[in-house]
Amino acid sequence: RFVGCLWLVFVCSSFVVVTGVMAASAGSMSAKQAAVSSLDPLFIANSLLRRRKFEECTALCTQLLEQNPYDKAAWLIKIKSLVEEVRVDETELEDEGLADIVMEDNATTAVPRPGTSFKRPLTSAAGGGSNPAVRPLSRTGRPVTGFARPGTQGNRPTTMEAAVRTPRTATARPVTSASGRFVRLGTASMVSNDPEVFIDTAKIDLRKYAERPGLAHALFQYMLHVANDTLRALELAALATEQAGFKDWWWKAALGFCYYRLGMFRDAEKQFLSSLNDQPSVYTTLLLAKVYFRLDQPPNAISCYKEGLRHFPNDTALLAGIAQVHNGLGDLTAAVDHYRQLLQHDSTNIEAMSSLAADYFYNDQPEKAMLLYRRLLQMGTYSAELFNNLGLCCFYAQQYDMALRLFDRALSLADDNAMADVWYNISHVALAMGDTALTFQCLKLAVACDPSHAEAFNNLGVLEHRNGNTEQARGHYRTAMHTSPAMHEAHFNFSILSFAKGDVQHAFVEAQQSKALFEEHPESKRMLQRLKKLLVEL
């Protein structure tokens, strides 16, 4: 009873205190609302814009424009809010669409030398490229890096069949064109934000706005990003450039970006170069390098980045651009050097840390890779890919208890695209433990999640071959070769299987194909020598 009385007194006193706090907080809230209501609505709208509360900012500006349709300040703030809500980074590369790939007419040479074109990256480890026996290749033959970027994850296909086959999954629909992406972005932004069109760009007198630089800049961004009217934006940029006496570097860069959107890369290059002559800037340099990416001229892109570094030493965006070009060319040694330099100036750069961690891992240094991945985890990067890579590092560092927990966390976070890779890596853990049944189940789950996972099909073929199921193994090898033509392991395994069945001709053909994909593969060389000797005897 004594304890009960104390408890009752404590509750009653607490209730009084909480009530007092609630009353005080209600009074402070009412005072705050009264203070906010006394502020200028334009000041509130500008504050919402700076705090990136775009929907509230747009709604407030709409109310102000309903009261006074000629309020230029509210009109300008609303345009900026609409643009910032849908705007993407123009300096980032985008995936090339099917029309852009098939109807490519900007190539300088049909058969470029290795290391001078994104179509033919370096394949020899002696020349700075990767060793396929150590670092795996993607389905298009490009070495796997630690950071996925659009536009750099695969070689440009040379046939219609290869162009239609997307590198992500066999069921994903390929992008039709790069310009179609901007159309969808602009249409979706207009539908989701404004039931009615805010500005009818077809009825605007562009020459009048070109004489007002402040309004012209905002209107250009609106037409380009929200309305997606690239032709009208190009017309406004041309008029504004003429009004500025052809000396405004920003409008020249805007002209170049419009030309880039329209696929007129040579005209875009001229405008960007003219803009850089008037005023060097990191933004224009990145856009010019983006043009060289689309023109498949990596040496010019590197020269462009280096010229930008001469004006802006140690700029992280330019250093990252040079590293990306070397990654695209397969020159991983130079790419890692630039990523190290980038990390010295920006210790929180996720791309540099991911790429260096992948390089440490494939160079048999999982402990160093683990440190970088843990740093990414501390920075707030929380994804299935990160936990998957941490699990692999722990496994190869012989921390098996942590590896299984990390793989379990990766499975809980993985989506359809990453689930297959996680199950494939768990199969390696099961194989190291000697549990072939679990290995077989993990590989089956991997191909169920991604029917185009070539590595899983290849390993399934090896397991079936060891169990004596040669027909099933043959089918798995064929599927792996079809889904990933650049993987030499499937061709070599198929050669061994054909030789064991007495089919010397197919064994010789597949061994030649394996050696063509990986010229330094010792097993393929020995197999070819043995088959040649056998054919001579026959």
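All values reported here derive from a predicted model rather than from experimental measurement.
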Which residue pairs satisfy the side chain to side chain donor-acceptor pair (under 3.5 Å) criterion with at least one member in [range], sequence neighbours excluded?
range	result
residues 493-508	Asn458-Asn493, Asp503-His506
residues 376-385	Tyr382-Arg409
residues 428-440	Tyr424-His428

Any side-chain to backbone donor/acceptor pair from [X] onto [Y]? Under 3.5 Å, distance only.
X	Y	result
Asp315	Ala317	yes
Asn459	Val462	no
Lys525	Glu520	no
Ser81	Phe54	yes
Lys515	Met527	no
Asn467	Leu463	yes
Ser484	Met481	no

Inter- and intrachain pairs under salt bridge (charged side-chain N to carboxylate O under 4.0 Å, His left out), touching residues 334-349, at least two apart: Asp337-Arg340

Pairs flagged by salt bridge (charged side-chain N to carboxylate O under 4.0 Å, His left out) wherever residues 473-486 is involved - sequence neighbours left out: none

Heavy-atom closest pair, residues [X] and [Y]:
X	Y	result
Pro298	Leu329	CG-CD2, 3.5 Å
Leu356	Leu343	CD1-CD2, 3.6 Å
Gly256	Ala268	O-CB, 3.2 Å
Ala454	Ala480	O-CB, 3.5 Å
Ala352	Leu342	CB-CD2, 3.9 Å
Ser281	Thr285	O-OG1, 2.7 Å

Contact check, side chains of [X] and [Y], non-hydrogen atoms, under 4.5 Å:
X	Y	result
Lys532	Phe508	yes
Arg374	Leu390	yes
Arg261	Leu224	yes
Val226	Gln221	no
Ile322	Leu309	yes
His453	Trp423	no
Gln324	His338	no
His225	Leu82	no

Set out, in order, the CA-CA distance, both residues' side-chain angles and the distance that settles side-chain contact (heavy atoms from CB on, under 4.5 Å) for Leu295 and Arg266, then state yes or no. CA-CA 9 Å; Leu295 292 175; Arg266 295 299 180 183; 3.6 Å; yes

Could you go through Phe395 and Tyr400, starting from their C-alpha distance and side-chain angles, then the distance that decides it, and tell me whether this counts as ring pair (Phe, Tyr, Trp, His ring centres under 6.0 Å)? CA-CA 5 Å; Phe395 171 69; Tyr400 303 114; 5.8 Å; yes

Do the ring planes of Phe457 and His476 sit parallel (below 30°), tilted (30 to 60°) or perpendicular (above 60°)? tilted

Does the pair Met419 and Leu445 meet the rule for a side-chain contact (heavy atoms from CB on, under 4.5 Å), with working shown? CA-CA 9 Å; Met419 186 72 72; Leu445 288 171; over 6 Å; no

Under 3.5 Å, is there a donor on one side chain and an acceptor on the other for [X] and [Y]?
X	Y	value
Asn469	Gln472	no
Asp421	Asn388	no
His488	Glu523	no
Glu351	Tyr339	yes
Glu269	Tyr292	yes

Quick one: list whatever passes salt bridge (Lys or Arg N to Asp or Glu O under 4.0 Å) with Glu464, sequence neighbours left out. none

CZ (Arg466) with more than 12 external heavy atoms under 6.0 Å: no

Kindly determine whether Phe407 and Phe387 satisfy ring pair (Phe, Tyr, Trp, His ring centres under 6.0 Å), including the steps that lead there. CA-CA 7 Å; Phe407 280 128; Phe387 283 105; over 10 Å; no

Straight-line distance of [X] [atom1] to [Y] [atom2], nearest 0.5 Å:
X	Y	atom1	atom2	answer
His521	Leu528	NE2	CG	11.0 Å
Leu386	Ser354	CG	OG	8.0 Å
Leu372	Phe361	CG	CZ	13.5 Å
Tyr373	Cys394	OH	SG	12.0 Å
Glu489	Tyr477	CD	OH	11.0 Å
Glu307	Leu318	CD	CG	11.0 Å

Derivation of the side-chain contact (heavy atoms from CB on, under 4.5 Å) call for Arg294 and Tyr260: CA-CA 10 Å; Arg294 292 299 300 271; Tyr260 177 84; 3.4 Å; yes

Trace of the side-chain contact (heavy atoms from CB on, under 4.5 Å) decision for His491 with Gln512: CA-CA 9 Å; His491 292 278; Gln512 279 186 324; over 6 Å; no

